[in-house]
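Heavy-atom basis, side chains included; hydrogens, waters and symmetry copies ignored.
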Amino acid sequence: MAGHVHIVGGGLAGLSAAVELAGSGVRVSVYEAGPACGGRARSYYDRQLDCRIDNGNHLLLSANDAVFRYLGLIGAERSLVGPGRPIFPFVDLGDRSRWTLDLSRGRLPFWLLSRRRRVPGMRLGEIRSLTRLMQAGADQTVSDCLLPGMLSARLLAPFAVSALNTPCETGSAALLGAVIHDSLAKGGQACIPCFPAVGLSESFVDPALDHLALLKAEIRTGCRVSGIEVTGGRIASLRLPEGAVPVGADDAVIMAVPAPVAADLLSDAVPGLPVPDAFESILNVHFRLPQAPVALGTLAQARFIGVVGGISEWVFVKGDILSVTVSAANRYADRGNDDLAARIWDEVRAAIDPALAHPLPADMPPMRVVRERRATFAATPAQERLRPGTRTVLDNLFLAGDWTATGLPATIEGAIRSGAAAVRAFRARDMAGMPAG
């Protein structure tokens, strides 16, 4: 295999493609318009808090095979932490009840038989909601499939909003069913939670850049591809800040940019290319404490807690930083940052004070609100139909990104899968063009 693969976009989809290609005899160049790679999965120094923070929180599962393969390739598989077993502490702010979902490691759901290990107040018949989700049709929403009861209210609905970043009333049941099929349906061994020990960049970005540098891949940040030239059904050149860069006969382009950017760049070259055009935001609030809190019990083991009945959804304990995630946050677009942060701080205190050796201060500490306004495509049935595949009508153009047809919602797992899929499609094209031996 020879040639030069130009990867447009240095988020996780683009880095995944680069990692798959580097060292295989192909010249690799990555063009990232921003000052740093990583896209929505990166860390940065925040002057207001005087420390590094992640631009978002991501809870990964042991079922995320593409994630762990990627981390293994870049030598970062030990950079994640977690409880080491399938436990998920929760609190319901409505009645202040607390429980820990404690899944059986095998496929047989023995945890359902123990009131201590399952969602309090649920009835066993409610488990039919899981079957309904995994068998959902393309037009069904999550709400269509959820049976009334505590399992839906305290687990499935919050899980759906987090996984899809879309409200249950409009979210695709089939997409959520795909997540359940790949995780909970495989048993607790596939549901062991983990997240970066230090930060997203330290796990997913910096080791990848070091790996790519070692293998002589070219990484260019602050380098926006502003246009493409198409000749004879293929991309002939990319327009960079310094001018046009030719794309040779054996070369290829992997477009790994967000959906709106791809639609703009390819509007003339690939007319009618379907791309998602509705989006949901994610809100994260980072609070910096005077010192790291001392967590107890399952909070100390898991280092996070799920929150039901409030604005907050997940609270992560990261040293002296408490990070809160709110998914499907378009509904809070009109709320001011200070107002939201104050409300969320009250929820954080109610959620984790009983699980700390010492209570949190009543006064809100220094905080940073991070709003990702177009964090993901809206995972609705209508938007799912707009997700394109990897191949395009142009012979040497391949698409990557969590918005492409990965079969999953817009997740880290989906982004990394898409990069690997683009490389497989490129290699298949090359093999198809080789003369028979």
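The ring-ring contact (aromatic ring centres under 6.0 Å, His included) test with Trp314 is passed by exactly one of Phe195, Phe88, Phe90: Phe90. In summary, of the residues considered (Lys318, Arg368, Arg42), a salt bridge (charged side-chain N to carboxylate O under 4.0 Å, His left out) with Asp54 occurs for Lys318 alone.
In this structure, Ser162 contributes its side chain and Phe159 its backbone to no donor-acceptor pair below 3.5 Å. With Arg107 contributing its side chain and Gly187 its backbone, the two residues share no donor-acceptor pair below 3.5 Å. Using a distance-only test at 3.5 Å, with no hydrogens or angles considered, no donor-acceptor pair links the side chain of Glu313 to the main chain of Val308. Between the side chain of Arg132 and the main chain of Cys145, a donor-acceptor pair closer than 3.5 Å is present. Side-chain N or O atoms of Arg303 include none that pairs as donor or acceptor with a backbone N or O of Ala300 at under 3.5 Å. With Ser172 contributing its side chain and Pro381 its backbone, the two residues share no donor-acceptor pair below 3.5 Å. With hydrogens and angles disregarded, a donor-acceptor distance shorter than 3.5 Å links the side chain of Asn330 to the backbone of Ser281. At distances below 3.5 Å, not a single donor-acceptor pair connects side-chain atoms of Thr298 with backbone N or O atoms of Gln301. In terms of modelled atom types and a separation under 3.5 Å, the side chain of Ser129 and the main chain of Leu147 share a donor-acceptor contact. Remark: side-chain polar atoms of Ser418 are not paired, donor with acceptor, to backbone N or O of Ala400 under 3.5 angstrom.
Comment: Arg288 does not engage Asp46 in a salt bridge, judged by the lack of any side-chain N to carboxylate O separation of less than 4.0 angstrom. The pair Asp95-Arg154 meets the salt-bridge criterion, since a charged nitrogen lies less than 4.0 angstrom from a carboxylate oxygen. Arg52 and Glu202 are joined by a salt bridge, as a carboxylate oxygen and a charged side-chain nitrogen come within less than 4.0 angstrom of each other.
The neighbour count for Asp339 CG, taken as heavy atoms of other residues, nucleotides or ligands under 6.0 Å away, is above 12. The number of heavy-atom neighbours closer than 6.0 Å to CZ of Arg117, taken from other residues, nucleotides and ligands shown, is above 12. Taking a 6.0 Å sphere around CZ of Arg115, one finds it holds 12 or fewer heavy atoms contributed by other residues, nucleotides or ligands. The environment of CZ in Arg331 is crowded: more than 12 heavy-atom neighbours from other residues, nucleotides or ligands sit within 6.0 Å.
Side chains of His6 and Ser29: no donor on one and acceptor on the other come within 3.5 Å. Asp206 and Ser201 share no donor-acceptor pair across their side chains, judged by distance under 3.5 Å alone. A donor-acceptor pair shorter than 3.5 Å cannot be found between the side chains of Asn396 and Arg429.
How far CZ of Phe110 is from CG of Asp102: 14.0 Å, rounded to the nearest 0.5 Å. Considering CZ of Arg220 and SG of Cys37, their distance stands at 12.5 Å, rounded to 0.5 Å. One finds the CD1 atom of Ile282 at 14.5 Å from the CZ atom of Arg374 (value rounded to the nearest 0.5 Å). Atom CD1 of Ile235 sits about 4.0 Å away from atom CD1 of Ile228, to the nearest 0.5 Å. In this structure, Asp402 CG and Leu12 CG are separated by 9.0 Å, a value rounded to the nearest 0.5 Å. Atom CG of Asn55 and atom CZ of Arg371 lie 15.0 Å apart (nearest 0.5 Å).
Nearest heavy atom pair, residue Phe316 against residue Asn57, reads CE1-CB, 3.6 Å. Across every non-hydrogen atom of Val91 and Trp99, the tightest pair is C-CZ3, 4.2 Å.
The shortest distance between side-chain heavy atoms of Ile254 and Leu21 falls below 4.5 Å.
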Under the side-chain hydrogen bond (donor to acceptor under 3.5 Å, both in side chains) criterion, do Glu372 and Asn284 qualify, and how do the steps go? CA-CA 8 Å; Glu372 292 279 353; Asn284 290 278; over 6 Å; no

With a cut-off of 3.5 Å and sequence neighbours excluded, list every side-chain donor-acceptor pair involving residues 345-355.
{"unit_1": "Trp345", "atom_1": "NE1", "unit_2": "Pro361", "atom_2": "O", "d": "3.2"}
{"unit_1": "Trp345", "atom_1": "NE1", "unit_2": "Ala362", "atom_2": "O", "d": "3.4"}
{"unit_1": "Glu347", "atom_1": "OE1", "unit_2": "Ile311", "atom_2": "N", "d": "3.1"}
{"unit_1": "Glu347", "atom_1": "OE1", "unit_2": "Ser312", "atom_2": "N", "d": "2.8"}
{"unit_1": "Glu347", "atom_1": "OE1", "unit_2": "Ser312", "atom_2": "OG", "d": "2.6"}
{"unit_1": "Glu347", "atom_1": "OE2", "unit_2": "Ile311", "atom_2": "N", "d": "2.9"}
{"unit_1": "Glu347", "atom_1": "OE2", "unit_2": "Arg343", "atom_2": "NE", "d": "3.3"}
{"unit_1": "Asp353", "atom_1": "OD1", "unit_2": "Leu360", "atom_2": "N", "d": "2.8"}

